[in-house]
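Notes to accompany the following structure.
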Protein chains: 2
Amino acid sequence: MQAKPPPSVTHHVPSPAARPGQGGTRRLPHAGCDGCLSRHLAVCAALPAAETHALEAAAGEVMLAAGATLAHEGAARREVYTVTRGMLRRVRLLPDGRRLVAGFLMPGDFIGFSGAPAYRHTIEAITESVLCVFPMQSMRRLCERYPELESGMLAQACAELDATRASLMLLARMGPSERLAGFLIDLAERQRLRGGTAHHVDLPMTRADIADHLGLTIETVSRSFTRLRQAGTIAFDDPRRIDLVDLPALRAAAGL
Amino acid sequence: MQAKPPPSVTHHVPSPAARPGQGGTRRLPHAGCDGCLSRHLAVCAALPAAETHALEAAAGEVMLAAGATLAHEGAARREVYTVTRGMLRRVRLLPDGRRLVAGFLMPGDFIGFSGAPAYRHTIEAITESVLCVFPMQSMRRLCERYPELESGMLAQACAELDATRASLMLLARMGPSERLAGFLIDLAERQRLRGGTAHHVDLPMTRADIADHLGLTIETVSRSFTRLRQAGTIAFDDPRRIDLVDLPALRAAAGL
DNA sequence: CGTCATGTTGAACTCTCTCAACTTATGTGG
DNA sequence: CCACATAAGTTGAGAGAGTTCAACATGACG
């Protein structure tokens with residue numbers, strides 16, 4: 001694993017045969033916060049409803065087709081985002097082709113916690129997605145004017161730090177099935193908070209995405225799914241939709 | 001690696017034969033920010049020097065002997081800290097004995113970025129250490145009064161998030177030597193910012209700490225040191241003090 | 001209906017982990 | 001002051017686990 005000679009990349013490449021909506025990006029004026037389904041989850045929640053007009057004034061909206069790229073690793077950071085609908089992945093690529101999916105983004109998630117002047121990850125839409133856009137400068141002004149907003153951002157940044165540190169344990173010390181179990185539990189919980197049921201998980205991402213997120217190969221991920229299924233912990237016909245049959249067992253499989 | 005039956009832990013145990021100053025914790029009134037060597041690195045830097053009296057009034061000081069514990073995973077979070085001197089480790093333990101060292105703390109580092117009401121990690125002093133202590137309530141009041149302070153905290157939280165995400169790549173996709181090389185580079189850079197030379201790294205932590213930080217075993221860590229040494233990339237007599245002989249090669253070994 | 005992307009499964013290989021021995025340094029107690 | 005015990009680090013040989021390579025199955029799409 002020391003600098004692979006031939007980057008055995010079959011699944012990482014940006015797919016020459018373009019995905020559904022490669023580059024399908026549309027920019028719109030902001031539609032308003034009133035009907036926003038993720039307001040209660042997002043940093044915006046730090047502002048009282050009466051003050052959202054200040055946000056709306058600064059915001060725009062982006063719609064991304066599945067497969068489209070929102071931001072490129074290394075590009076100058078000029079905007080921050082809040083996910084409104086859909087799912088995206090945060091990707092980092094090594095010169096030799098190795099790939100890391102640092103995380104999956106869902107409605108309410110904020111993109112822009114970084115001191116770096118350039119994006120540290122490429123952000124790609126997994127499904128059709130919608131995001132609120134704020135020029136960083138506007139966001140800075142808003143923070144100055146509404147300290148509660150900055151408090152909210154700090155709180156969410158801390159939450160993300162907690163979550164990221166939890167991943168460290170997964171990657172450093174857990175076996176394949178444990179990683180997968182932990183991943184499923186995490187996703188299920190996040191989807192539940194967004195209106196999903198507690199007993200299903202939707203996996204719009206591919207096995208390759210999951211593998212690159214858990215530090216495994218697609219084969220090992222697949223085998224781990226099979227193992228959990230054979231144990232009666234999960235069930236599925238569609239590999240993108242998982243039944244959490246035995247949640248306690250799943251938690252146990254995740255190492256508590 | 002699926003729930004080890006016998007926790008083959010030989011090196012993790014809190015050492016029955018107590019370390020130098022097990023439990024050696026002393027609390028003192030704050031000595032003042034003027035002479036603080038890490039002020040320029042810490043969140044305190046967000047406040048103008050003229051306002052530090054507000055910090056001093058709220059702060060206390062803790063001195064820890066090597067091996068002493070500052071905070072226990074699961075205990076209620078009532079204080080936050082800034083490291084002033086020494087080095088500490090951030091540890092998480094699994095019921096079966098597996099251990100993760102989520103990070104090493106050095107002067108200027110802040111302890112307390114978390115929304116959780118309980119500590120997520122046990123914090124242990126590796127060397128004799130000194131920290132500034134703030135009751136969380138005082139810190140909240142200070143943040144309300146000095147929004148710059150909260151901005152500074154957000155900035156540092158973001159920096160830590162960036163650093164943690166970088167570790168994800170190490171753990172998920174890098175081989176042993178690459179992880180070690182990356183670790184050495186990271187430590188060297190942090191020590192340089194704190195007055196160290198660019199060509200030495202001090203490793204006050206044990207190989208076990210490094211192993212549990214990089215997701216490896218002590219043997220593999222040791223072998224990776226040997227490999228880097230045989231390649232002429234690093235050199236050392238004392239295993240706790242590493243010469244970075246060929247920095248470009250080290251960077252290359254870390255996968256750029 | 002063929003093609004392509006995705007997902008699953010099998011077999012061989014590689015690398016890290018495990019187990020074990022040995023070295024050196026440190027501290028204790030006779 | 002030196003023998004002994006303990007901890008830390010290094011090194012070797014074997015075993016196990018995940019990866020790699022390869023084949024096959026399935027579903028979407030033109």
Side-chain angles (χ1 to χ4, degrees), chain A residues 1-20 22 66-67 97-98 126 171-180 203-212 214-230 236-242, chain B residues 1-20 22 66-67 97-98 126 171-180 203-212 214-230 236-242:
Chain A
M1 204 192 204
Q2 292 245 87
K4 312 175 178 175
S8 75
V9 196
T10 56
H11 50 279
H12 300 152
V13 282
S15 274
R19 274 295 156 302
Q22 192 73 346
R98 283 178 285 181
I126 294 173
L171 292 172
R173 285 292 177 233
M174 306 290 239
S177 295
E178 293 176 306
R179 298 188 198 187
L180 182 58
L203 302 177
M205 71 291 287
T206 66
R207 296 295 194 250
D209 288 333
I210 300 176
D212 288 336
L214 299 179
L216 302 167
T217 60
I218 49 179
E219 293 93 335
T220 302
V221 168
S222 189
R223 281 186 248 271
S224 302
F225 269 111
T226 304
R227 231 167 272 150
L228 287 177
R229 174 157 61 176
Q230 286 173 340
F236 60 93
D237 297 307
D238 179 353
R240 303 287 184 105
R241 182 166 183 78
I242 310 295
Chain B
M1 205 198 201
Q2 291 246 89
K4 312 177 178 176
S8 75
V9 196
T10 55
H11 49 280
H12 300 151
V13 282
S15 275
R19 274 294 158 302
Q22 192 74 347
R98 284 178 284 182
I126 294 174
L171 292 173
R173 286 290 177 233
M174 306 290 239
S177 295
E178 293 176 306
R179 298 187 199 188
L180 183 57
L203 303 176
M205 71 291 286
T206 66
R207 296 293 195 251
D209 288 333
I210 300 176
D212 288 336
L214 299 179
L216 303 167
T217 60
I218 50 178
E219 294 93 334
T220 302
V221 169
S222 189
R223 282 187 248 270
S224 302
F225 269 112
T226 304
R227 232 166 271 150
L228 288 177
R229 174 157 61 174
Q230 286 173 340
F236 61 93
D237 296 307
D238 178 353
R240 303 285 186 107
R241 183 166 183 79
I242 310 295

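Every chain is numbered from 1, with letters handed out A, B, ... down the list of sequences. Computed from a predicted structure; not experimentally measured.
Neither OP1 nor OP2 of dG7(C) sits under 4.0 Å from any side-chain N or O of S222(A). Considering only side-chain N and O atoms, T226(A) lies nowhere under 4.0 angstrom from the phosphate OP1 or OP2 of dT8(C).
Note: CD1 (I210(B)) to C1' (dA8(D)) measures 12 Å, nearest angstrom. Note: CE (M174(A)) to P (dG18(D)) measures 14 Å, nearest angstrom. The distance from atom CG of L228(A) to atom P of dT8(C) is 12 Å, rounded to the nearest whole Å. Regarding D209(B), its CG atom lies at a distance of 15 Å from the P atom of dA7(D), rounded to whole Å. A straight line from CZ of R227(B) to C1' of dG9(D) spans 16 Å, rounded to a whole angstrom. Protein atom CZ of R207(A) is 16 Å distant from nucleotide atom P of dT26(D), rounded to whole Å. Across the protein-nucleic acid pair, F236(B) atom CZ and dA8(D) atom P stand 17 Å apart, rounded to whole Å. Rounded to whole Å, the distance from CG on D237(B) to P on dA25(C) is 11 Å.
Of all nucleotides listed (dT16(C), dG7(C), dA8(D)), dA8(D) comes nearest to the side chain of R240(B). With dT16(C), dT20(D), dG18(D) as the choices, the nucleotide that has an atom nearest any side-chain atom of T220(A) turns out to be dG18(D). Side-chain proximity of P176(A) to dG9(D), dG18(D), dT8(C): nearest is dG18(D). Distances were taken from every side-chain heavy atom of E219(B) (C-beta onward) to each of dG7(C), dG9(D), dG12(D); the shortest belongs to dG12(D).
Here the closest non-hydrogen pair linking S177(B) and R227(B) is OG-NH1, 3.7 Å. Nearest approach of A211(B) to T217(B), heavy atoms of both residues: CB-C, 3.5 Å. Contact record, L214(B) with R179(B): O-NH1, 2.6 Å, taken as the closest heavy-atom pair.
The nearest heavy atom of DNA chain D to T206(B) and to L216(A) marks one nucleotide each, and the one closer to the 5' end goes with T206(B).
Taking the side chain to side chain contact (heavy atoms under 4.5 Å, CB included) definition, one finds that D238(A) meets it with R240(A), R241(A), sequence neighbours left out.
For R223(A) and dG10(C), a side-chain-to-base donor-acceptor distance below 3.5 Å is present, hydrogens and geometry of angles not being considered.
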Evaluate the side chain to side chain contact (heavy atoms under 4.5 Å, CB included) criterion for residues L203(B) and F236(B): first the C-alpha distance (whole Å), next the side-chain angles of each, then the deciding distance (0.1 Å), finally the verdict.
CA-CA 11 Å; L203(B) 303 176; F236(B) 61 93; over 6 Å; no
